[in-house]
Amino acid sequence: MKMRNQSHCIKVLILCILAAASTHAQLQLGFYTKSCPKAEQIIANFVHEHIRNAPSLAAPLIRMHFHDCFVRGCDGSVLLNSTSKQAEKDAPPNLTVRGFDFIDRVKSLVEAECPGVVSCADILALSARDSVAATGGPYWKVPTGRRDGVISNLVEARSQIPAPFHNITVLQKLFQDQGLDLKDLVLLSGAHTIGISLCTSFSNRLYNFTGKGDQDPSLDSEYAKNLKTFKCKNINDNTTIVEMDPGSRKTFDLSYYNQVSKRRGLFESDAALLNNAVTKSLVTQLLQGSIENFYAEFAKSIEKMGQIKVKTGSEGEIRKHCAHVNS
């Protein structure tokens, strides 16, 4: 009797393991080949059509994808609205995120072709990839089959999304929490090459770094002077936009790492890459390598990020509208 019970337990355990493996396996390249064969082409066509006229949209879309994956996994929860303003998009890190309307428009086109089939999480992941590729940047594989989450929490977003003012210790912890390492941190930071920022995200480095009206000593003094003279002329400026990779913002290249190496990274989180032996060495290696190497390595890290805690199988839902859970 005891042996029979043990045998039964082992069978149940094996079935559970197989079920888990099966669920994870549902995230795959071409997941919609049979259920919505035109889905990925519809998304790519729309992205390419609009990125031509608004190439600056690539940065917000990749940022949105990043912020989505760092809270509850890549489940489209960053897209959800909240009547009480308590959703992820209401958290400070997401107040400057753009592109929600763009994703809604893509979703409406896909819904018209295949109602209730393609998730908002997948649409976001594919749109981010296609927008960067359309501007001449790297192209990476996006396995699909993600399901949409039904919970979106402001507090989680505020505590789990890396911030411009984070130091290397905090950044390493936040990335580790998502199964990412220091190499992923350096490579994913490389997306700042096409980024922009408001002065509010770094003005303390210029005017009040330690609360005594001082400047961040780790920021190149000449660069700081130029920022104060021509861009962020006072600490209260909340409208001026600054390129994170001056003179190279429209090109997804290695110039960002060159800025960082010269102590001209705009954010404290950019400067933090020089405060760890591993990350500093990786910055140097990338600068010594080719653009093709950077693209290949970046692709590996963002593919890894795109599979953080994904919901598959019967988890979550396929939203009809990206901003709202199904009723």
Side-chain angles (χ1 to χ4, degrees), residues 24 26-29 31 43 47 58-79 88-89 91 93-94 97 99 103 119-133 135 137-149 152 156-157 159-164 166 168 170-195 244 252 256-257 267 269-270 272-273 278-279 282-283 286 293-312 315-316:
H24 183 71
Q26 288 179 25
L27 200 66
Q28 60 191 29
L29 292 172
F31 178 82
I43 295 167
V47 169
L61 289 176
I62 197 170
R63 183 181 179 213
M64 189 191 296
H65 180 38
F66 178 87
H67 284 202
D68 182 42
C69 292
F70 265 69
V71 186
R72 292 184 172 266
C74 311
D75 67 347
S77 52
V78 72
L79 304 168
E88 288 175 33
K89 65 166 59 172
N94 289 324
V97 171
I103 297 298
S119 70
C120 297
D122 276 341
I123 288 172
L124 174 53
L126 289 163
S127 296
R129 188 271 309 277
D130 291 343
S131 66
V132 170
T135 61
Y139 183 92
W140 59 91
K141 297 173 184 174
V142 179
T144 45
R146 296 169 187 78
R147 304 266 295 177
D148 295 322
S152 187
E156 292 176 348
S159 63
Q160 294 169 19
I161 295 172
H166 280 154
I168 191 65
V170 176
L171 290 170
Q172 183 173 8
K173 173 66 165 61
L174 291 174
F175 271 67
Q176 280 180 341
D177 288 347
Q178 306 301 336
L180 302 174
D181 57 27
L182 288 173
K183 185 175 184 180
D184 299 315
L185 166 60
V186 173
L187 287 161
L188 293 173
S189 295
H192 285 174
T193 184
I194 57 170
M244 298 193 70
F252 204 108
Y256 161 78
Y257 296 111
F267 295 162
S269 59
D270 296 318
L273 300 182
V278 173
T279 54
L282 287 166
V283 168
L286 285 166
N293 173 68
F294 170 44
Y295 281 10
E297 293 298 316
F298 179 86
K300 291 176 188 175
S301 285
I302 199 161
E303 285 170 21
K304 185 176 172 183
M305 185 196 82
Q307 299 194 47
I308 293 174
K309 300 172 188 171
V310 292
K311 294 170 178 63
T312 58
E315 297 176 288

Asker: Tell me, please, which residues at least two apart from S131 pass side-chain hydrogen bond (donor to acceptor under 3.5 Å, both in side chains).
Answerer: none
Asker: With sequence neighbours excluded, what pairs up with K141 under the salt bridge (Lys or Arg N to Asp or Glu O under 4.0 Å) test?
Answerer: none
Asker: Between atom CG of L61 and atom CG of L126, what is the distance when rounded to the nearest 0.5 Å?
Answerer: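 L61 CG to L126 CG: 12.0 Å, rounded to 0.5 Å.
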Asker: Is T279 reaching over with its side chain to a backbone N or O of V186, donor-acceptor style, under 3.5 angstrom?
Answerer: no
Asker: With sequence neighbours excluded, what pairs up with F252 under the ring-ring contact (aromatic ring centres under 6.0 Å, His included) test?
Answerer: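 Applying ring-ring contact (aromatic ring centres under 6.0 Å, His included) to F252 gives F294, F298.
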Asker: According to side-chain contact (heavy atoms from CB on, under 4.5 Å), who are the partners of A299, at least two apart in sequence or on a separate chain?
Answerer: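 For A299, the residues satisfying side-chain contact (heavy atoms from CB on, under 4.5 Å) (neighbours in sequence not counted) are W140, E303.
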Asker: Does K304 have any salt bridge (Lys or Arg N to Asp or Glu O under 4.0 Å) partners at least two apart in sequence or in another chain, and if so, which?
Answerer: D181, D184
Asker: Between N293 and L286, is the side chain to side chain contact (heavy atoms under 4.5 Å, CB included) condition met? List the steps.
Answerer: CA-CA 8 Å; N293 173 68; L286 285 166; 4.2 Å; yes
Asker: Taking only residues two or more places apart in sequence, or in another chain, which ones meet H166 in a side-chain hydrogen bond (donor to acceptor under 3.5 Å, both in side chains)?
Answerer: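 Applying side-chain hydrogen bond (donor to acceptor under 3.5 Å, both in side chains) to H166 gives none.
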Asker: Is it true that a side-chain atom of T312 and a backbone atom of L27 form a donor plus acceptor pair closer than 3.5 Å?
Answerer: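 No; judged by distance alone, with no hydrogens or angles, the pair does not exist.
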Asker: Between D68 (side chain only) and G76 (backbone N and O only), is there a donor and an acceptor less than 3.5 Å apart?
Answerer: yes
Asker: Shortest non-hydrogen contact from D148 to S119?
Answerer: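 Result for this residue pair: OD1-CB, 3.4 Å.
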Asker: Distance from F267 atom CZ to L273 atom CG, nearest 0.5 Å?
Answerer: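 Reported value, rounded in 0.5 Å steps: 12.5 Å.
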Asker: CG of L185 to CD of Q178: how many Å apart, nearest 0.5 Å?
Answerer: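 One gets 13.0 Å once the value is rounded to the nearest 0.5 Å.
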Asker: Could you state the interatomic distance from CG (N94) to CD1 (I161), rounded to the nearest 0.5 Å?
Answerer: 4.0 Å
Asker: Can you see which heavy atom on D270 is nearest to which on Y256, and at what distance?
Answerer: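 So the minimum-distance heavy-atom pair works out to OD1-OH, 2.6 Å.
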Asker: Which atoms form the tightest heavy-atom contact between H67 and V97, and what is the distance?
Answerer: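 So the minimum-distance heavy-atom pair works out to ND1-CG2, 3.9 Å.
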Asker: Compare all side-chain heavy atoms of S301 with those of L180 and state whether any distance is below 4.5 angstrom.
Answerer: no
Asker: Among residues at least two apart in sequence or on other chains, which ones pass ring-ring contact (aromatic ring centres under 6.0 Å, His included) with F66?
Answerer: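 For F66, the residues satisfying ring-ring contact (aromatic ring centres under 6.0 Å, His included) (neighbours in sequence not counted) are F70.
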Asker: Looking only at non-hydrogen atoms, find the nearest pair between Q160 and L174 and report the distance.
Answerer: O-CD2, 3.8 Å
Asker: How far does CZ of F175 sit from OG of S189, to the nearest 0.5 angstrom?
Answerer: 5.5 Å
Asker: Rounded to the nearest 0.5 Å, how far apart are SG of C69 and CG of L124?
Answerer: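 The SG atom of C69 sits 7.5 Å away from the CG atom of L124.
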Asker: Report the residues that fulfil side-chain hydrogen bond (donor to acceptor under 3.5 Å, both in side chains) with H65, sequence neighbours left out, ordered by chain and then residue number.
Answerer: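 If we apply the side-chain hydrogen bond (donor to acceptor under 3.5 Å, both in side chains) test to H65, skipping adjacent residues, there are no hits.
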Asker: Holding to salt bridge (Lys or Arg N to Asp or Glu O under 4.0 Å), I want the full list of residues that pass it with R72, two or more places apart in sequence or in another chain.
Answerer: E156
Asker: Could you give me the CA-CA distance, side-chain angles and deciding distance for K183 and V278, then say whether side chain to side chain contact (heavy atoms under 4.5 Å, CB included) is met?
Answerer: CA-CA 8 Å; K183 185 175 184 180; V278 173; over 6 Å; no
Asker: Can you name the salt bridge (Lys or Arg N to Asp or Glu O under 4.0 Å) partners of D75, sequence neighbours left out?
Answerer: K311
Asker: Locate the shortest heavy-atom distance separating S152 from S77; write the atom from each residue and the value.
Answerer: OG-O, 2.8 Å
Asker: Give me the atom names and distance for the closest heavy-atom approach of G195 to A59.
Answerer: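 Taking G195 first and A59 second, the nearest heavy atoms are CA-CB, 4.2 Å.
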Asker: Kindly say whether V78 contributes a backbone atom to a donor-acceptor pair with the side chain of K89 at under 3.5 angstrom?
Answerer: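 Judged by distance alone, no pair lies under 3.5 Å.
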Asker: Apply side-chain hydrogen bond (donor to acceptor under 3.5 Å, both in side chains) to K173 and list each qualifying residue two or more places apart in sequence or on a separate chain.
Answerer: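 For K173, the residues satisfying side-chain hydrogen bond (donor to acceptor under 3.5 Å, both in side chains) (neighbours in sequence not counted) are D177.
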Asker: Going by salt bridge (Lys or Arg N to Asp or Glu O under 4.0 Å), name the pairs with one or both residues in residues 121-132, residues two or more places apart or in two chains.
Answerer: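 Residue pairs with at least one partner in residues 121-132: D122-R146.
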